[in-house]
> 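What follows is a single structure, and I will ask about it in a moment.
These numbers were taken from a predicted model, which means no experiment stands behind them. Read the numbers this way: they start at 1 and go in the same order the structure lists the ligands and their atoms.
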Amino acid sequence: MKFFIDTANLDQIKEAQDLGILDGVTTNPSLMAKEGIKGVDKIKQHYVDICNIVDGDVSAEVIATDFEGMIKEGEELAALHPQIVVKIPCIKAGIKAIKYLSSKDIRTNCTLIFSAGQALLAAKAGATYVSPFIGRLDDIGTDGIDLIAQIADMFNRYGFETEVLAASIRHTMHILQCIEAGADVATCPLKAITGLLNHPLTDKGLEQFLADYNKLNG
Ligand code: G3P
């Protein structure tokens, strides 16, 4: 399973990249706003800065909600850097835009997916990724992981190449559940990724190894 980091914070992106396990980055307008990045030129430069830190795909989201606006913005974003994947919301104009952009060999990530039917339409339009938001489904009492499994099963059964990118991951357990559910990618906050490292028996074992070494060599 690939790991993306879900942030526009350059320090966190660098930290994950330095760990050597990062496969890409996802951003959205809320994450860009959180970093105080405003204005079209600054936002575009920020995407390029992210691409220069990581080796993998970097999702950059369109703001337009009409077909013409989405394809114009999508083409501009894709031209910024070869690693850019254009992120498009799962609405009617978005599905048409994904179809258009994929016919131009521009890669897309269909975002704000909350049902298998939405994922099916995005895949049929040629999306490179679909992003089901598991945390936001959990928030309203619906099991987000079930949706990941349903979409992964559907894509396997019908041979879609679209990758399931589990998004809105809130904690480490979500990552482990995504593995079982068959997600291709998990995009996570840094804390959820580093949480995978934690185990008290590792800490205890290391402490013992060092104590035994120091008894003889200390
Ligand atoms: O990847 C989508 C993500 O940024 C949304 O996460 O926690 O706002 O639901 P959240």
> Can you list the atoms of ligand 1 that are under 4.0 Å from a heavy atom of Asn28?
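The atoms of ligand 1 under 4.0 Å from a heavy atom of Asn28 are 3 (C), 4 (O).
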> Atom 6 (O) of ligand 1: which protein heavy atom is closest, and how many Å away?
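Closest protein heavy atom to atom 6 (O) of ligand 1: Ser168 CA, 3.5 Å.
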> I need the nearest protein heavy-atom contact for atom 7 (O) of ligand 1: residue, atom name and distance, please.
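The closest one turns out to be Arg170 NE, 2.7 Å.
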> So which of Thr108, Thr26, Asn109 actually passes side chain to side chain donor-acceptor pair (under 3.5 Å) with Ser59?
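So the option named by the test is Asn109.
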> Assess whether a salt bridge exists between Arg157 and Asp153, defined as any Lys/Arg side-chain N lying under 4.0 Å from an Asp/Glu carboxylate O.
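Salt bridge: yes.
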> Please state which protein non-hydrogen atom is closest to atom 5 (C) of ligand 1 and give its distance, to 0.1 Å?
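Protein heavy atom with the smallest distance to atom 5 (C) of ligand 1: Arg136 NH2, 3.6 Å.
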> Going by atom types alone, do Gln45 and Asp49 pair a side-chain donor with an acceptor below 3.5 Å?
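Yes, Asp49 and Gln45 have a side-chain donor paired with an acceptor closer than 3.5 Å.
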> Looking only at protein heavy atoms, identify the closest one to atom 3 (C) of ligand 1 and say how far it is in Å.
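Result for atom 3 (C) of ligand 1: Asp6 OD2, 3.0 Å.
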> Show me which atoms of ligand 1 lie under 4.0 Å from any heavy atom of Phe133.
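The list of qualifying atoms is 2 (C), 5 (C).
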> Check the pair Asp184, Lys2 against salt bridge (Lys or Arg N to Asp or Glu O under 4.0 Å), reporting the backbone distance first and the verdict last.
CA-CA 6 Å; Asp184 298 292; Lys2 287 186 271 187; over 6 Å; no
> If you define the side chain from C-beta out and look only at heavy atoms, does anything of Arg107 sit under 4.5 Å from Asp57?
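Counting from C-beta outward, Arg107 and Asp57 do come under 4.5 Å.
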> Closer than 4.0 angstrom, basic N to acidic O: yes or no for Lys215 and Asp212?
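Looking at Lys215 and Asp212, the cut-off is met.
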> For Ala167, take its heavy atoms, then give the atoms of ligand 1 lying under 4.0 Å from any of them.
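Here the atoms of ligand 1 in question are 1 (O), 2 (C).
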